[in-house]
Structure formats: structure tokens, C-alpha cells
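Accompanying notes for the structure given below.
Hydrogens, waters and symmetry mates play no part in the numbers below; they use all other heavy atoms, side chains included.
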Amino acid sequence: LCENELFPSEMDISMDLITYEASSGTTVEFSTVTMAATNIQWNSLPEITGMDILLNGTISGSDPSGSFSEAYDDFSVGFTDTGSAYSITMSGFVQTTCLNGWVEVTTPTPLFFPYNFSCPFGGKVNLHGNGDAVITIGNDTGLDITVNGSSKHFNSCDAVPSSCLQ
């Protein structure tokens with residue numbers, strides 16, 4: 001299709017799969033995982049410059065350091081290439097090994113990732129579950145995390161400790 005410049009504007013992927021990588025001892029299971037990509041936009045190279053993804057299902061696994069599990073329920077991610085950065089939005093529900101129950105995720109202000117940056121440069125993420133959290137990213141990659149009304153500042157996303165370990 002790509003050779004004839006018939007680039008898809010949408011695609012659906014469904015997986016029920018267990019993989020094992022012997023050299024690292026890693027097992028990953030995709031249980032009734034579905035991913036629907038819509039509004040796929042292309043440039044002339046061709047590269048994808050934007051799309052919306054809707055994710056459902058459970059991904060779990062283990063390696064010698066431990067196990068993980070994450071589940072998605074109508075979790076959507078949208079991304080757009082602005083020409084100098086990626087703009088990312090999220091909404092829907094996620095549950096992970098680290099969280100106590102389902103968490104609703106929304107981005108009232110899209111996350112803005114300049115090319116070659118490991119941390120976003122602006123945006124806001126709201127998390128609502130058994131409590132509430134807000135992550136506010138400044139235009140200097142600094143961020144404030146507020147959990148149930150108590151805030152803490154970090155100079156960048158790289159300075160935030162892993163939620164599973166802390």
C-alpha cells in the first residue's frame with residue numbers, strides 16, 4: 001500500500017498472545033488487547049504525523065526483577081506532530097500493578113514534547129481514583145505533582161521517583 005501512496009487512515013489490532021524471551025527470562029502476555037488507530041495523518045516522507053489510539057485489554061508479564069500488570073479500559077491517546085514538538089492528549093481508565101484500583105486519566109492541557117526532549121515542556125494531567133492527583137508541567141520542564149491537596153515540585157520528569165519503588 002505504501003508504495004502506491006495509499007496510506008491507511010485507520011487500523012485495528014487485536015492480540016491474545018504470550019511471549020517468552022529465554023535470554024532475559026522475560027514473559028509478556030497480551031490478554032484480549034485491542035488497539036484502534038484512527039485519524040492517522042501522514043507527511044510526504046511518509047511518516048505518521050498524528051493519530052488517535054483507543055486501547056483496551058490487559059498486558060502483564062514478569063522478568064527476574066519482578067512482575068507487572070496493566071489494564072486499559074477505553075484509554076485513548078492522541079498525538080500530533082506540530083513541526084517542532086509532539087502534542088499528546090490522554091483520556092480513559094488505567095490500572096497497574098502500582099495502583100490500588102482503576103484510575104481515570106485526562107489531559108485538560110495537552111502534553112508538549114519538543115523533539116529530542118525526554119520530558120514534556122508544558123501540559124497538565126489529572127488522575128482520579130481512590131484519591132486525586134494533578135501533574136502540572138511548566139514551560140521549563142519543571143513539574144508540580146499534587147496528591148490529595150499536597151504538592152511537591154520536581155525540576156524535571158527525570159527527577160520524579162518511580163511510583164512503584166517510593
Side-chain angles (χ1 to χ4, degrees), residues 1-17 19 28-61 68-99 102-129 132-147 153-164:
L1 290 175
C2 294
E3 290 177 9
N4 296 320
E5 296 186 16
L6 298 173
F7 307 117
S9 61
E10 61 184 57
M11 67 178 103
D12 294 317
I13 299 171
S14 297
M15 286 187 281
D16 277 304
L17 172 71
T19 65
V28 178
E29 180 177 357
F30 297 86
S31 180
T32 316
V33 173
T34 60
M35 184 181 82
T38 58
N39 302 317
I40 302 172
Q41 299 150 26
W42 300 84
N43 65 16
S44 61
L45 292 178
E47 296 172 329
I48 294 175
T49 59
M51 76 172 105
D52 298 313
I53 297 171
L54 181 63
L55 188 59
N56 284 288
T58 302
I59 303 168
S60 59
F68 72 92
S69 178
E70 51 194 58
Y72 300 93
D73 183 20
D74 286 338
F75 187 75
S76 67
V77 177
F79 106 88
T80 303
D81 185 340
T82 68
S84 62
Y86 299 107
S87 175
I88 298 172
T89 59
M90 296 176 283
S91 69
F93 296 87
V94 64
Q95 184 178 44
T96 71
T97 306
C98 304
L99 301 173
W102 286 95
V103 173
E104 181 179 18
V105 178
T106 59
T107 48
T109 305
L111 301 177
F112 189 70
F113 280 87
Y115 298 158
N116 300 319
F117 273 59
S118 63
C119 293
F121 201 81
K124 185 175 185 178
V125 179
N126 290 340
L127 305 165
H128 177 69
D132 292 307
V134 177
I135 303 167
T136 306
I137 299 116
N139 60 3
D140 60 355
T141 71
L143 59 113
D144 295 301
I145 299 177
T146 304
V147 178
H153 179 77
F154 297 91
N155 290 331
S156 78
C157 69
D158 295 325
V160 177
S162 169
S163 61
C164 290

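- Remark: side-chain polar atoms of D16 are paired, donor with acceptor, to backbone N or O of T32 under 3.5 angstrom.
- The OG atom of S91 sits 8.0 Å away from the CD atom of E104 when rounded to the nearest 0.5 Å.
- The shortest non-hydrogen separation linking C119 to D158 is SG-N, 3.5 Å.
- Closest heavy-atom contact between I13 and M15: CG2-CG, 4.2 Å.
- Distance check, rounded to the nearest 0.5 Å: CZ of F121 to CG of D140 gives 6.5 Å.
- Closest heavy-atom contact between D74 and N56: N-OD1, 2.6 Å.
- Considering CH2 of W102 and CZ of F93, their distance stands at 9.0 Å, rounded to 0.5 Å.
- C157 is listed as a side-chain neighbour of P120, based on a closest heavy-atom distance under 4.5 Å.
- When all heavy atoms of S14 and T34 are compared, the pair lying nearest together is OG-CG2, 3.7 Å.
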Using the side chain to side chain contact (heavy atoms under 4.5 Å, CB included) rule, take I135 and L143 through it: C-alpha gap first, then chi angles, then the decisive distance, then the call. CA-CA 7 Å; I135 303 167; L143 59 113; 4.0 Å; yes

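- Between N126 and H128, every side-chain heavy-atom pair lies at or beyond the 4.5 Å cut-off.
- Atoms OG and CZ, from S156 and F117 in turn, are 11.0 Å apart once rounded to the nearest 0.5 Å.
- To the nearest 0.5 angstrom, D52 atom CG is 4.5 Å from N39 atom CG.
- By the 30° and 60° cut-offs, the orientation of the rings of F75 relative to Y72 is tilted.
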T146/T136 under side chain to side chain contact (heavy atoms under 4.5 Å, CB included): CA gap, chis, key distance, verdict: CA-CA 8 Å; T146 304; T136 306; 6.0 Å; no

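- The only member of V33, L17, T96 that meets side chain to side chain contact (heavy atoms under 4.5 Å, CB included) when paired with I59 is V33.
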Under 3.5 Å, which donor-acceptor pairs link side chains of residues 105-116 to any protein atom two or more places apart or in another chain?
| residue | atom | partner | partner atom | Å |
| --- | --- | --- | --- | --- |
| T107 | OG1 | M90 | N | 2.8 |
| T107 | OG1 | M90 | O | 3.2 |
| Y115 | OH | D81 | OD1 | 2.3 |
| Y115 | OH | D81 | OD2 | 3.1 |
| Y115 | OH | G83 | O | 3.4 |

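- Panel note: side chain W42, backbone P8; a donor-acceptor pair is recorded below 3.5 Å.
- The heavy-atom pair separating T58 from A71 by the smallest distance is OG1-CB, 3.7 Å.
- Interatomic distance, CG of L45 versus CD1 of I48, reported as 12.5 Å (0.5 Å rounding).
- Listed here is the closest heavy atom pair of S87 and T82: CB-CG2, 4.3 Å.
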